[in-house]
Amino acid sequence: MAEMMWAGRFSKKVDDTVNAFNSSIAFDGRMYRHDIQGSIAHATMLGDCGIIPKEDSLEIIEGLKGILADIDSGSLELDPSAEDIHMFIEAELTKRLGDVGKRLHTARSRNDQVAVDIRLYLRDEIDEIYALVEELAVTVLNMAKEHTETVMPGYTHLQRAQPVTFAHHLMAYVWMFIRDLERLQDTAKRMNYCPLGSGALAGTTYKTNRQQTSDLLGFTAPMPNSLDGVSDRDFCVELNCALSLIMTHLSRFSEEVIMWCSWEFKFVELDDAFATGSSIMPQKKNPDVTELIRGKTGRVNGDLVTLLSMLKGLPLAYNKDMQEDKEAIFDAVDNVKLCVKTFIPMLATMRVLKKNMRDAAAKGFINATDCADYLVKKGMPFRDAYKITGTLVAQCIEQGVTLETLPMESYKAMTDLFGEDVYEAISLDTCVRERKSEGGPSPDAVKIQIQQAEKALGL
Ligand code: ARG
């Protein structure tokens, strides 16, 4: 291994176990592009401000570009024994340029360097995740458009409650994903401030131009406080929160898909390409994708707890604990991308078994509220109507019939307000069609929210 940069201060070599323990290149190596991007901006500023000779600055920039091209092409491999990506690239630059390379780290510390790198890296990741969640929202929205007339049971406590349409159910997720998109945007906006120039913690005595590096890197503005600049990881927490919510939505959706493809429900059939078989039970077709998404949600939530716990006791400014931020947030980012990418085609190829949904909605006294509402519309107070309907349901259960097939005498025996038109009022189609309050499941009401969602998604 090459001599440590700080060898001058030490009389002994650092123990190998400590070197291995300290090293973060195995997981921060993925930020090499962003590290070089930050260094190019820094070198440009150093040259423009006359802090280093302009020729040196230009040579450094060319050197950095060469390193970038070589890592990209695979001709330069990251040295796993380097302490981190920052040290590796600086050492490589010095190897290539000699003394000129040694000027790059003027007026900079790894503390502001790593803070800028993570922001640049995550900014790109947010763009990717945003595009994926947008695609997911559009996929679900397009499915909803095809199912405005598909009646299914709506549940509370996982008990059949009132009828809805599949489009209505799907649109609930579209709105969750739209909020996820807003949260990603919001996180990106707050994250987009530049810590470069904060130095180790207390700025620098050189006459730097922080506005210039901030502008060159596309940030909104330099961070106003150097201590905050190097010790803030709120953006990692915030992003992880947004990611945890994306996973929570995906996980709830997954749980429903898992139930829907069970024999007990049979509302959907997964495409063979998105299901798996069993090694022993020949009849099995398992929803592994959705189960794994549900499982990985715990993992992404774990990343959030890692970040919050890592930060909670840290005095200002930089502490080595902060190196733990990357594995957590990278893991969250990687897994969310993986899950959304797999979920989209699984959903798009899933067959919807409309008849089974409708049959399920026709059972379970899903129209009991509508029966009570029928009496209310004839002038009875709701509580009385509720009680009468409850009694009728109990009679139906006892006689093994439904409200639709209960004879008129039984209705009349409860109150004269009941007439033949009750059968029409409690028919499944009426129950769905008439639920046209704003945000409700009727085909007409759902078409309105589909338009609202299209507008929100800029379609
Ligand atoms: N690898 C370090 C990290 O990820 C870089 C910053 C090191 N700074 C320091 N003062 N040791 O946090």
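Every number for a ligand or one of its atoms is a count from 1 in the order of the listing.
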Does Phe235 have Arg119 sitting over its ring (NZ/CZ under 6.0 Å from centre, angle to axis within 45°)? yes
What class does the angle between the rings of Tyr173 and Phe253 fall in, given that below 30° is parallel, 30 to 60° is tilted and above 60° is perpendicular? parallel
Contacts of Asp28 meeting salt bridge (Lys or Arg N to Asp or Glu O under 4.0 Å) (sequence neighbours excluded), chain-then-number -> none
Honestly, is Arg110 close enough over Tyr318, meaning NZ or CZ under 6.0 Å from the six-membered ring centre and within 45° of the axis? no
Taking the side chain as every heavy atom from C-beta outward, state whether Leu353 and Phe267 have any pair of such atoms under 4.5 Å apart. no
Please assess Arg103 against Glu55 for the test salt bridge (Lys or Arg N to Asp or Glu O under 4.0 Å), listing each intermediate value before the final yes or no. CA-CA 12 Å; Arg103 295 193 191 280; Glu55 321 77 80; over 6 Å; no
Considering only heavy atoms, which protein residues lie less than 4.0 Å from any atom of ligand 1? Ser24, Asp28, Asp84, His86, Arg110, Asn111, Val114, Tyr318, Gln323, Lys326
